[in-house]
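In what follows, chains carry the letters A, B, and so on, assigned in the order in which the sequence lines appear, proteins first and then strands, with residues in each chain numbered from 1.
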Number of protein chains: 2
Amino acid sequence: MRRTSRDIRTANRYEVLRQVVAASPTSRQELAAATGLSLATVATLVGELLELGMITEVGFEDSAGGRPRGLVAVNAPGGALIGVDLAETYVRVELFDLALNVLARADEGVRPGENRPEQVVGRVATAVGSVVAQAGIEGARVLGVGVSMPGQVDRDTGVCAYAPNWDWHDVPLLDLLTEHIAYPLHLDNPLRACAVAELWFGAARGCGDAVVVNLGTGVGAGLVLGGGVHRGVSNSAGEWGHTTLVLDGRPCHCGNHGCVEAYTGAPGIMLTLRELSPASPLLHPGDQTATIDALARGVSAGDPVAVRVLEDTARCLGAGIADLVNLLNPEVVVLSSWVAAAFGEPLLDAVREAVARHALRRPLAATRIVLSPVPTDPVCLGAATFALEGALRPAGRRDGARGPRTGSRAPAPGR
Amino acid sequence: MRRTSRDIRTANRYEVLRQVVAASPTSRQELAAATGLSLATVATLVGELLELGMITEVGFEDSAGGRPRGLVAVNAPGGALIGVDLAETYVRVELFDLALNVLARADEGVRPGENRPEQVVGRVATAVGSVVAQAGIEGARVLGVGVSMPGQVDRDTGVCAYAPNWDWHDVPLLDLLTEHIAYPLHLDNPLRACAVAELWFGAARGCGDAVVVNLGTGVGAGLVLGGGVHRGVSNSAGEWGHTTLVLDGRPCHCGNHGCVEAYTGAPGIMLTLRELSPASPLLHPGDQTATIDALARGVSAGDPVAVRVLEDTARCLGAGIADLVNLLNPEVVVLSSWVAAAFGEPLLDAVREAVARHALRRPLAATRIVLSPVPTDPVCLGAATFALEGALRPAGRRDGARGPRTGSRAPAPGR
């Protein structure tokens, strides 16, 4: 609850590294100017990041007259980070270098009926082995594995309290993963993954208060408040999909009625289409991706049914996002995940209009609404960032991380 | 955005003083145990608070064998704090000692047609002069004046951007007040005032994440996130009253439809009563207080119309509070302000039931819902706490505070 000096130091480490990632090569002087930290503090933090092998000295900058300034850059090959996106029907694993470039990717399907915890964990272990082999790196260079698990996750115990997709209850996921994976593991959910991806590499960089709206099968909001991810007292903050938009409205799978998700999640959008045009050729029953893609193409082509579905969806999204704007007064709202990516600009435009109709003037004027600029799978990127943040924390902090079973510390980044 | 070491020091000062206020007399050892800070840090902070005259040494504790432990307590007469509650029809001013006991109170009516900024500022100046005279203290002992202004307030410039009650636009309130009041001034809104009152003296003490739901003519939520008040990027966070509960529902004075406030603010509750029973003797047209009091008495007496109004109101409140629980995952939700106080336990019981029907299981299990335990006007108390926080900040920080016009610093607390 109360932040300590160590938390501040960790946050400052994050900020300096974020800035190096954003603008390599760069000097200590530029970092001080960009972060607002003193040059002395930046020098100390740069020293620590050099020591950790996260960044590297890359020469000197010409300066007119004065002493030449040393330049640093991300030490891309200094270590590897792995991000795991557990989705309803697939497991995607990506391996990144320290500049967060994707070096390898593995996808494993999860068939209905093959989603028991042991089966899923087996898929993850296979895919993790595959990306390490593909990238041709030594295991010792892997700084950690971040795992995004949709549902309610207890970071400290590593237990998945509830996962609606697979009907998991109280699954000790981290313990199961630790039996197969020897790297430090960090577990959290996709809302948090997308939020840290935007905070480190996307539209929320440099923002104190930001909301990352995830539009997929489920919908939710990753909250960045006061410059850090807001998790809540039991790490379940962000369930914006289950806030009421229409009292006594459509039933939602959570048991409530009229939830934002019931109108704006992919199944909700399909229901809107079915209500408008039950026999629409755009409708691919049982296939969310195909239906959303068909709708997106229909919008581009001016198909009136597709346009109407987009408008109805944007209207609900707009009212729900206006709630976030009025309640949290963020600097930026980022539309993320596959439904947002599929619809793109037409959805953004319609959402902006709808938010402007619903939000109060003062917070509206302070907010930008944008599509996620993250070019890769934001969930994998964010999950890998959990591992990066873990590697940056001073020793002795767990915060949901789990070391290898042998009890040995993770090796230092390759040097 | 980024917290600095100075912010941490200020936050730790707040926390130690809060703990001294809660448990005077107390020892440095007890303070360390209660706050989780090191004994060395506590000793430094206690030294600073002694130096500021906020606390005082009050002898020694018997300890079995060891060195006797020095005890400290709040130095109640060491200074005075003034809180100003600007409401639609009145100005209330209270003067507190440093233990936040009310020493004097003044109420000034604001008649319709007499609510121009100069008129209201004149009322405030009169009432401030009155409480200082009543309390019989020297002006030099007044550490500051906190002012709660309903509406959208820019703390840094001291401008009231918009006040719906009086239709004020861009009023330079702090400048106007500074012409009449020579004490350091701190301006913010009632949501923030009620939140800091609960954080310092009420149900949110010791909580990282809390929501203080204000139920009055308007409704809103004061947000305590990460141990501090969340203000948002333009200090307008907390407009929960203007989140949509019923898409296309009742018109709201904000221009939107179906807002939480349209159903749960005092005028919304009166409308619910009128819809149910247009000729009800409980209805006092044009008098919110009398109507809410009559409804509260009716609920106690088992009047079926009153009970039905309470149930309908609690149902909307429950859905809206469940939204806050699902989105923010707080430790406690506090029901505050005069409508909550008027209905009391029956409202609390009905709201708890309704929240339980709407919220997700995990965040619901982590949340307590309580009535505000603050025994006095929480807005005055919170406004005075703005002044207390201002006096505890290291010199050189403004944060919305304004010193006297002469440019002289406020005098140190009386010693």
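Of the two parts of A:Ala366, the backbone and the side chain both hold a non-hydrogen atom closer than 4.5 Å to a non-hydrogen atom of chain B. Of the atoms belonging to A:Asp323, heavy atoms from both backbone and side chain fall under 4.5 Å from chain B. When heavy atoms are compared at a cutoff of 4.5 Å, A:Pro363 approaches chain B by way of both its backbone and its side chain. Proximity to chain A (any heavy atom under 4.5 Å) is restricted, for B:Cys316, to the side chain, taken from C-beta onward.
No donor-acceptor distance shorter than 3.5 angstrom exists from the side chain of B:His358 to the backbone of A:Asn256, with no hydrogens or angles considered. Panel note: side chain B:Arg362, backbone A:Ser236; no donor-acceptor pair is recorded below 3.5 Å. Checked by atom type and distance alone, the side chain of A:His242 never pairs as donor or acceptor with a backbone atom of B:Leu360 at under 3.5 Å.
Annotation: B:Arg250, atom CZ; neighbour count of heavy atoms from other residues, nucleotides and ligands within 6.0 Å is above 12. Residue-environment remark: CZ (B:Arg352) exceeds the threshold of 12 foreign heavy atoms within 6.0 Å.
Under 3.5 Å, the side chains of A:Asn326 and B:Thr243 contain no donor-acceptor pair of N or O atoms.
Closest approach of B:Asn329 and A:Arg231 over heavy atoms only: OD1-O, 3.5 Å. Of all non-hydrogen atoms in B:Leu223 and A:Leu327, the two that sit nearest each other are CD1-O, 3.6 Å.
The shortest side-chain heavy-atom distance between B:Arg315 and A:Leu247 falls under the 4.5 Å cut-off. Between A:Leu328 and B:Leu328, some side-chain heavy-atom pair lies under the 4.5 Å cut-off.
Of the inter-residue distances, the one linking B:Cys254 atom SG with A:Arg361 atom CZ reads 11.0 Å to the nearest 0.5 angstrom.
Of the listed residues B:Val246, B:Thr41, B:Leu245, B:Asn235, the one with more heavy-atom pairs under 4.5 angstrom with chain A than any other is B:Leu245.
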